[in-house]
Amino acid sequence: MARRFTPVSFAAAVTLAAGLCVTGTLFIAVSALEYGKLSAGFQQRASLRVAAIRRGLDDTVEVLTVTNQLFRTMPEVTQAQFGDFTRPLLQRYPFMASFAHQHVMTHADRLAFEERVGRERPGFTLSDMRAGRLEPAPRRERYLVTEFMAPLGAHGVLGLDVLPLADTPATVERMLSTGKPSATPLISVLQPARRDSFVLLMPLYRRGMPTETAQQRRAAWTGQTATLVRAPHLVHTILQYGGLLDDPQLLLRVYAGARSELVYTTGPEPAAEGGSWPALPQWLRRFDPRHPEHAQASFSLLGQAWRVRVDALPRPFLADHAGSLIVLVGGLLFSALAAALVHTLEQRSRRVQWLVDERTADLRRSNAQLNADVAARKRTERALQESEHRFRRLLALSSDWYWEQDVNFCFTSITDGFFDKARVQRKAYLGHTRWQVSPAFLDSKSGRDHLALLQARLPFANLEHEITGDDGATRWFQSTGEPVYDSQGEFRGYRGTGSEITERKQTEQRIRHIAHHDALTGLPNRMLLQDRLAQAVARANRGGRQMWVLLIDLDRFKFVNDSLGHKAGDQLLRTIAGRLQAAVRDADTVARLSGDEFVAILSEHADEALAPHAVQRIMTALAQPIMLEGKEFCVTCSIGVAVHAADGAPAEHLIEHADIAMYAAKKLGRNRWQFYESTMNDAALERLRIEGALRKALERGEFVLHYQPQLDLASGRIVGMEALLRWQHPELGTVPPQRFIGLAEETGLIVPIGAWVLHTACAQARAWHDIAEPGGFGPLRVAVNLSARQFAQPDLVESIAQVLADTGLPPACLDIELTESLFVDDVAQAVDTLHRLKALGVALSIDDFGTGYSSFSYLRTFPIDVLKIDRSFMADIASDADEAAIVISIIALAHNLKLRVIAEGVESAAQLEFLRAHGCDEMQGYHFSRPVPAEEFERIVRSGRTLAPAAVSAPELLCA
Ligand SMILES: Nc1nc2c(ncn2[C@@H]2O[C@@H]3COP(=O)(O)O[C@H]4[C@@H](O)[C@H](n5cnc6c(=O)[nH]c(N)nc65)O[C@@H]4COP(=O)(O)O[C@H]3[C@H]2O)c(=O)[nH]1
């Protein structure tokens with residue numbers, strides 16, 4: 001969340017506004033107080049001055065009243081008395097410029113007065129003031145004459161009739177009408193332009209006359225006392241006496257008269273009221289330093305209007321408003337500080353709030369996360385519990401168990417299954433290591449490897465070990481485990497599972513035994529032989545001794561087997577095996593290599609000189625008569641011996657060399673033994689060369705088929721052909737089948753080669769079928785040889801069916817030639833295969849009949865169509881009665897079994913005739929044609945060649 005703070009918070013603004021309001025209010029209030037105080041002080045001071053002036057005027061009237069009393073109390077007053085009386089008054093009240101006594105006179109009184117004064121001042125006459133000058137007063141009915149004057153002569157106005165003076169009548173009249181002293185309007189005394197004086201009059205009445213009414217006063221009025229008051233002096237003196245002149249902040253103005261003339265001032269004329277800042281409201285003007293406070297008072301004194309105006313001189317604003325300013329400044333500062341504080345607090349509060357919100361949001365998130373974690377944990381716990389439950393159920397149900405070990409590899413826990421299976425005590429295991437319980441454990445390599453794995457803290461799997469239980473039985477177990485670490489990565493031990501594998505081990509041992517031993521004789525087989533041989537070679541190399549390998553082949557074993565059957569053959573082989581083992585030492589090995597071939601490894605013969613004895617002992621042992629089915633048989637053997645010297649040939653060549661030597665022995669005549677010699681190797685080398693070339697021959701297209709015609713003896717016509725394989729090697733030339741068919745058989749190459757032969761022969765036969773020529777090919781049969789390996793192919797039947805389908809050859813035109821040896825190993829399997837082949841519709845021939853096992857019994861059970869009499873019987877049929885008898889028997893047997901008979905190897909007309917004479921069905925042989933390439937065969941067929949008709953009758957031949 002982004003932090004956002006306003007520049008000035010609302011609360012701070014409100015605080016500021018409130019502070020300003022309060023400050024303003026306080027300021028206004030304080031300034032109002034200040035102003036009030038100022039104003040009150042000013043008004044007080046002004047009032048003081050106004051009051052002083054009024055009192056001074058009243059005092060002046062009082063002074064005049066005192067003077068008036070003089071005339072009232074004394075019947076006759078002289079000028080001297082008047083002067084004496086007023087002198088102290090004049091001194092004391094200097095603003096009173098003069099005192100006078102004016103007396104109302106008639107003209108007669110004037111005259112009397114002039115005469116009286118004239119005595120002292122000759123020529124004296126009443127005067128009046130006209131145009132500013134004293135002039136003798138004209139005659140008037142009444143005069144108001146200045147009778148006394150003090151100070152005398154100050155103005156020279158003694159005898160002046162004041163009644164004509166402009167203001168006198170009105171003043172007198174007011175005085176009489178009011179009965180009170182009266183003052184004249186302002187008059188100018190010294191400076192004409194300046195009217196700042198007035199005369200104060202106080203009436204004098206005739207004694208004894210009533211003066212209550214104006215009329216009475218007019219009637220009783222005899223004169224008056226007057227005093228000339230200098231108004232400026234009067235005000236000044238009043239203020240001075242009152243100590244009211246020392247306020248420099250006040251400006252005093254005193255106006256008098258109807259025209260409100262300025263009579264006294266303490267400063268210049270003030271500015272007109274309201275002259276400044278007229279726009280300002282009244283309440284604001286107090287803050288205007290140029291707007292002075294003023295007060296004025298108007299009053300009427302003795303008929304004259306007086307107005308006193310007091311102005312406060314402008315003062316520095318601060319002088320009178322320090323408090324309000326302090327309040328203002330303080331308030332502003334306080335407001336600002338308070339606002340700042342509030343703003344800070346609010347900011348802090350917001351920040352705190354923001355932090356709280358943040359923390360709250362974080363907490364919420366954490367809480368949500370925590371809840372999710374808790375939920376996940378609960379789910380996990382539930383899943384764990386379920387898993388644990390499943391695990392326990394599975395453990396209970398399964399044959400496995402679970403175990404744990406501590407850091408010292410001692411078992412800390414093992415589930416019950418183990419103890420049930422191993423038949424051992426729990427206490428014997430818990431707290432002990434595997435090797436403490438079974439000390440032999442570490443004697444084995446696997447045990448030591450296991451310990452090394454544990455010490456390296458590595459997991460291990462399928463550790464197999466045996467345990468001898470309390471019942472004495474040894475059982476096999478298998479363990480898988482892994483190291484356990486705690487959350488700190490500290491190694492805590494091992495845990496794992498275990499299971500019993502005794503049954504499997506026993507099975508394995510049986511299988512291993514079977515895999516390494518011959519089922520019939522119990523001797524080691526070829527695989528174990530290799531192992532033993534390697535060990536013997538190693539031992540010989542270590543001991544620097546010779547080691548002999550004997551390859552023992554029974555002579556004419558086939559004969560025994562064929563004539564007495566498999567059971568007898570098997571018994572013979574078991575007997576031979578026993579005798580062989582008995583003839584060698586314990587340390588020597590006797591193995592069965594194949595069929596009637598055995599190998600003996602004689603490893604403990606110190607020198608070559610003793611070997612013949614050992615070999616001879618073996619031959620002697622084997623040559624002992626054997627009782628088979630009640631008959632005594634003598635079996636001889638041929639032995640090839642290969643010697644491995646300390647620096648001798650590799651182990652894998654020893655058997656090969658012994659084999660070569662054995663063949664050499666056989667060639668020399670049976671019941672012999674022969675050492676291997678390097679020259680014997682040439683034949684073997686040739687075999688190797690041919691094998692190598694054979695592997696490539698098919699892909700290089702070096703195989704071709706030749707076809708040997710088969711002819712019907714009765715008609716003499718070609719009825720079929722035998723396909724015979726030819727190998728045209730670029731270097732070896734044409735290699736006959738005898739040189740490579742066996743090898744191809746051994747190496748398994750016969751399977752692809754045979755498939756090629758079958759397909760090529762069928763395709764060729766079908767092609768010849770398609771040649772529609774008059775007297776042409778017709779439905780020729782093609783005979784194809786099938787080897788033992790091919791016959792054993794599980795998909796044999798399917799592949800032949802596929803070839804037939806691919807080539808389009810009718811099944812009846814295919815003759816599969818089989819040798820008797822194919823049926824020897826597994827008769828049931830052979831019968832099944834033959835029936836399935838038969839079901840395809842093909843013909844089945846027994847090739848080379850009479851040379852092999854010659855078990856006539858199978859001819860009844862096997863679905864055979866044709867017997868092929870081996871060519872070895874042909875050679876002597878004309879001369880050897882036995883041979884002839886065999887052939888005749890075969891033909892008879894075949895016919896008896898409803899089989900066709902083909903004689904091969906017919907080379908002469910005599911043989912042909914013999915066969916014809918004895919009812920043989922067909923023949924093939926050089927007499928008619930050798931096997932020829934396809935083109936040649938085609939030519940023969942096209943040529944229409946047939947067998948020559950019979951020359952002699954069969955009985956004749958037989959007799960011959
Ligand atoms: N001395 C003499 N020999 C005669 C006469 N008439 C025919 N022969 C030979 O007798 C053999 C007949 O074939 P086999 O007995 O099946 O014996 C065959 C057969 O067992 C095997 N063979 C040949 N071709 C094939 C083949 O394609 N597949 C298999 N599995 N074996 C084959 O090789 C054997 C030898 O074949 P070949 O050398 O072609 O020898 C052929 C043939 O050339 C005769 O009048 N006098």
Side-chain angles (χ1 to χ4, degrees), residues 690 694 697-698 702-711 713 718 720-728 733-765 782-793 796 799-800 803 814-822 844-852 866-878 887 890 901-915 920 922-934 936-937 940 947:
I690 290 175
L694 196 58
L698 194 60
E702 293 173 358
F703 291 119
V704 290
L705 286 184
H706 283 191
Y707 298 92
Q708 186 172 35
Q710 293 177 333
L711 297 104
L713 286 175
I718 299 173
M721 58 274 177
E722 182 180 4
L724 291 159
L725 187 59
R726 297 291 179 269
W727 180 14
Q728 293 174 329
T734 301
V735 184
Q738 291 89 337
R739 279 183 63 188
F740 69 85
I741 287 291
L743 199 58
E745 180 82 20
E746 277 177 35
T747 56
L749 285 169
I750 194 67
V751 175
I753 293 171
W756 178 85
V757 170
L758 184 72
H759 190 277
T760 309
C762 289
Q764 182 60 72
V782 64
V784 177
N785 290 282
L786 208 65
S787 76
R789 282 275 184 121
Q790 279 177 280
F791 189 73
Q793 289 299 302
L796 171 73
S799 62
I800 291 175
V803 170
L814 177 62
D815 189 352
I816 303 290
E817 292 195 7
L818 309 154
T819 58
E820 294 168 283
S821 60
L822 299 186
L844 298 176
S845 307
I846 300 295
D847 200 5
D848 305 336
F849 190 79
T851 59
V866 183
L867 280 186
K868 289 189 80 172
I869 304 169
D870 189 69
R871 66 173 184 271
S872 61
F873 293 108
M874 287 302 121
D876 301 325
I877 52 171
V887 171
I890 292 172
V901 185
I902 300 180
E904 15 171 55
V906 180
E907 293 181 352
S908 63
Q911 292 165 345
L912 176 67
E913 290 311 318
F914 177 87
L915 293 171
C920 184
E922 292 170 21
M923 63 76 73
Q924 71 180 82
Y926 294 170
H927 175 66
F928 183 77
S929 168
R930 286 173 174 269
V932 292
E936 179 65 26
F937 182 83
I940 293 171
L947 282 171

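What you see below is based on every heavy atom in this structure, not just the backbone, and it leaves out hydrogens, waters and symmetry mates. Order of listing sets the numbers, starting from 1, for every ligand and every atom in it.
- A934 meets the side-chain contact (heavy atoms from CB on, under 4.5 Å) test with Y707, Q764, W768; sequence neighbours excluded.
- When only non-hydrogen protein atoms are considered, atom 37 (P) of ligand 1 lies nearest to P737 CG, 4.0 Å.
- The protein heavy-atom contact nearest to atom 43 (O) of ligand 1 is P931 CG, 3.3 Å.
- In terms of protein heavy atoms, atom 6 (N) of ligand 1 is closest to Q708 NE2, 3.0 Å.
- Distances from ligand 1 to the non-hydrogen atoms of E745 include no value under 4.0 Å.
- Ligand 1 has G905 within reach: a non-hydrogen atom of the residue lies less than 4.0 Å from it.
- Residue V757 approaches ligand 1 through these ligand atoms, each under 4.0 Å from one of its heavy atoms: 27 (O).
- Atom 14 (P) of ligand 1 has D847 OD2, 3.8 Å as its closest protein atom, hydrogens excluded (heavy atom only).
- Protein heavy atom closest to atom 1 (N) of ligand 1, with residue, atom name and distance, is E907 OE2, 3.0 Å.
- Any N or O atom pair closer than 3.5 Å counts here, and Q790 shares no such pair with ligand 1.
- In terms of protein heavy-atom proximity, atom 29 (C) of ligand 1 is nearest to N785 CB, 3.2 Å.
- Some N or O of L725 is nearer than 3.5 Å to an N or O of ligand 1, by distance alone.
- In terms of N/O distances under 3.5 Å, ligand 1 is approached by R726.
- R871 is linked by a side-chain contact (heavy atoms from CB on, under 4.5 Å) to Q738, counting only residues two or more places apart in sequence or in another chain.
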